[in-house]
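What follows is one structure encoded as structure tokens, with my remarks underneath.
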Amino acid sequence: MPQMAPIKWLSLFIIFSIAFMLFSILNYYSYLPSSPNLLNLKNNKLNSMNWKW
């Protein structure tokens, strides 16, 4: 089996690196966390000071 030329390895490395970076970027930006409501934040702040002891 003949060996691949170094330029082929370099082009394969570049192609797979770009594909990995695109996949990672798309996964990072596809997740949108839900913003909490203002009412829930106010209730949590008020209830956090009510200790049960």
Side-chain angles (χ1 to χ4, degrees):
M1 174 187 276
Q3 294 180 344
M4 282 176 51
I7 193 72
K8 290 274 191 174
W9 287 113
L10 183 64
S11 63
L12 275 176
F13 175 74
I14 291 171
I15 289 170
F16 282 115
S17 298
I18 291 172
F20 177 71
M21 291 295 289
L22 285 174
F23 181 74
S24 300
I25 290 168
L26 287 175
N27 275 340
Y28 180 78
Y29 287 111
S30 67
Y31 174 71
L32 294 174
S34 61
S35 60
N37 295 335
L38 292 177
L39 295 175
N40 289 342
L41 286 176
K42 289 180 185 176
N43 288 338
N44 287 341
K45 287 180 183 175
L46 291 176
N47 291 336
S48 66
M49 294 304 290
N50 293 335
W51 292 3
K52 301 284 182 174
W53 53 298

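When reading the values below, keep in mind they use all heavy atoms of this one structure, side chains included, and skip hydrogens, waters and symmetry mates.
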Pairwise distance CZ(Phe16) to CZ(Phe23) - rounded to 0.5 angstrom: 14.0 Å
Contacts of type side-chain contact (heavy atoms from CB on, under 4.5 Å), residue Leu10, not counting sequence neighbours: Ile7, Ile14
Rounded distance (nearest 0.5 Å) linking atom OG of Ser30 with atom OH of Tyr28: 11.0 Å
Partners meeting side-chain contact (heavy atoms from CB on, under 4.5 Å) with Ile25 (sequence neighbours left out): Tyr29
